[in-house]
Asks: 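The structure that follows is given in the form of structure tokens.
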Amino acid sequence: MENQTIIEALLLGLLEGLTEFIPVSSTGHILLAGHFLGFESTGKAFEVLIQLGAILAILSVYAARFWDFMKRRDRLHVISEVVIGILATLIWMGGCAVEFVSAIVRRRRPNLFVPPQLPDDPAVRMLVGLAIGFLPAAVIGVLAHGFIKSVLFETPKLICIMLILGGIVLLWIDRLDLRPKYHEVREFPLSLYLKIGLFQCLAMIPGTSRSGATIVGGLLMGADKRAAAEFSFFLAMPTMLGAFTLDLCKNWNALSASDLNIIVAGFLSAFVAAVIVVRSLLGYVSRHGYRLFGWWRLVVGTVGLAALYIVG
């Protein structure tokens, strides 16, 4: 990244912050913009590491909630309940997986187990749900990291196609007469957290959108627009922090001082832009839905394909 300018880094960081939490694919936008700007980062690390700015944006916006939890006198008890809940859920998931495979082998209908009951404490349900929702992406991200970075990140045409397909899906979702059953994230059953986490795995393909996949999954599974978007915010924290940590470990020895300066510039602009988006998005989608973002994706994907055809 020695030849890259701070201005380019600031612009790409701004693009990351503006698009990370709306369902238009921040990674797809950054990769396309970087392609046409001629921006090349070491191991495509810049595009992942600047997401730390978006993570800190969520922490800053929801700081009061986190502080309220830290002030609780029973926080150690809550943490122990969360650990027990996660272990119980993992056992449940393992049992369901074994039963599902057995049913396929024996050609019978699977008898899936009833999920474990969690305490009524919203903090426990939320933290266990985040852990369960994060797990599928963590496993696939570690196993397929090399393929994602070396193949999928290097295919601009695929990104444009996924932007267009995702735009069609958002327009379709926005026209459905959905009857939401869950209006608060803490009301979600364990199975819903897991299903949304599985939807998130679709975002391993750049151009799909992590927030778009989780929001669409939540809407189809019974969450209302605001709750689906809010859980997408929360699920972003462990997912993006995990991606940041994995990428930093794999690229640390290859990064130079100039690389780090450019990453810091992108991180700062991503943080400022993401704070603005997080503070305003929930109210917007509650009133207007996701139609605007569907058309946004269609326009960017189509223009991107045309530009690739004309200038390469």
Side-chain angles (χ1 to χ4, degrees), residues 16 19-21 23-31 43-52 54-55 58 86-87 89-101 104 110 112 115 127-156 158-159 161-163 165-166 169 188 190-221 223 228 231-252:
E16 155 67 24
T19 58
E20 178 58 53
F21 298 111
V24 298
S25 180
S26 62
T27 302
H29 278 67
I30 292 172
L31 291 173
K44 293 294 182 185
F46 175 87
E47 291 81 350
V48 176
L49 297 182
I50 62 171
Q51 293 179 348
L52 179 63
I55 299 171
I58 300 178
I86 292 173
L87 292 176
T89 306
L90 290 176
I91 293 171
W92 165 66
M93 291 169 61
C96 289
V98 171
E99 171 62 17
F100 187 74
V101 172
I104 293 176
L112 300 183
L127 292 172
V128 173
L130 284 176
I132 300 308
F134 165 65
L135 185 61
V139 173
I140 295 177
V142 171
L143 295 178
H145 180 267
F147 176 75
I148 293 168
K149 295 296 291 292
S150 62
V151 178
L152 298 182
F153 271 40
E154 301 289 349
T155 316
L158 173 65
I159 295 171
I161 292 172
M162 295 308 299
L163 283 170
L165 292 177
V169 170
F188 290 2
L190 276 179
S191 57
L192 180 53
Y193 292 121
L194 177 60
K195 289 172 184 175
I196 294 175
L198 291 172
F199 269 92
Q200 181 174 240
C201 294
L202 296 173
M204 301 293 176
I205 305 171
T208 301
S209 171
R210 188 207 59 79
S211 59
T214 52
I215 288 170
V216 167
L219 293 174
L220 290 176
M221 297 298 130
F231 184 64
S232 178
F233 288 171
F234 289 127
L235 188 57
M237 287 187 285
T239 303
M240 293 163 60
L241 185 59
F244 173 88
T245 304
L246 179 63
D247 222 79
L248 185 63
C249 291
K250 288 184 176 291
N251 289 287
W252 180 256

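For reference, positions follow the sequence shown, starting with 1. These numbers come from a predicted model, not from an experiment. For the numbers below, each heavy atom of this structure counts, side chains included, while hydrogens, waters and symmetry mates do not.
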Asks: Is any side-chain heavy atom of L194 closer than 4.5 Å to one of P136?
Replies: yes
Asks: What is the distance from atom CE of M93 to atom CD1 of I86, rounded to the nearest 0.5 Å?
Replies: 11.0 Å
Asks: Taking all atoms of both residues into account, what is the closest heavy-atom pair of A213 and Q200, and its distance?
Replies: CB-CA, 4.3 Å
Asks: Nearest 0.5 Å, please: how far is CD1 in I30 from OG1 in T19?
Replies: 5.5 Å
Asks: Under the side-chain hydrogen bond (donor to acceptor under 3.5 Å, both in side chains) rule, collect the residues that match up with T214, sequence neighbours excluded.
Replies: S232
Asks: Report the relative orientation of the aromatic rings in F21 and F233; use parallel for angles under 30°, tilted for 30 to 60°, perpendicular for over 60°.
Replies: perpendicular
Asks: Rounded to the nearest 0.5 Å, how far does OG1 of T208 lie from CD1 of I159?
Replies: 9.5 Å
Asks: Return the minimal non-hydrogen interatomic distance between H29 and V24, and the atom names on each side.
Replies: CE1-O, 3.1 Å
Asks: Quick one: list whatever passes side-chain hydrogen bond (donor to acceptor under 3.5 Å, both in side chains) with S211, sequence neighbours left out.
Replies: S209
Asks: How far apart are the closest heavy atoms of P23 and G212, and which atoms are they?
Replies: CB-CA, 3.4 Å
Asks: Does the pair V216 and L202 meet the rule for a side chain to side chain contact (heavy atoms under 4.5 Å, CB included), with working shown?
Replies: CA-CA 11 Å; V216 167; L202 296 173; over 6 Å; no
Asks: Of the non-hydrogen atoms in M204 and A137, which two are nearest, and what is the gap between them?
Replies: CE-O, 3.3 Å
Asks: Within this structure, what is the OH-CD1 distance for the pair Y193 and I132, rounded to the nearest 0.5 Å?
Replies: 10.5 Å
Asks: With side chain to side chain contact (heavy atoms under 4.5 Å, CB included) as the criterion, how do T27 and Q51 come out once you've worked through the C-alpha distance, each side chain's angles and the decisive distance to 0.1 Å?
Replies: CA-CA 9 Å; T27 302; Q51 293 179 348; 3.7 Å; yes
Asks: Where do S25 and G28 come nearest, in terms of heavy atoms and distance?
Replies: OG-N, 3.0 Å
Asks: Starting from the C-alpha separation in whole Å, work towards a yes-or-no answer on side chain to side chain contact (heavy atoms under 4.5 Å, CB included) for D247 and K250.
Replies: CA-CA 5 Å; D247 222 79; K250 288 184 176 291; 5.9 Å; no
Asks: Return the CD to CE distance between E20 and M240, rounded to the nearest 0.5 Å.
Replies: 4.0 Å
Asks: State the CD1-CD distance between I104 and E99, to the nearest 0.5 angstrom.
Replies: 10.5 Å
Asks: Where is the tightest heavy-atom contact between I196 and L235, given as atom of each residue plus distance?
Replies: CG2-CD2, 4.3 Å
Asks: Do the ring planes of F231 and F188 sit parallel (below 30°), tilted (30 to 60°) or perpendicular (above 60°)?
Replies: perpendicular
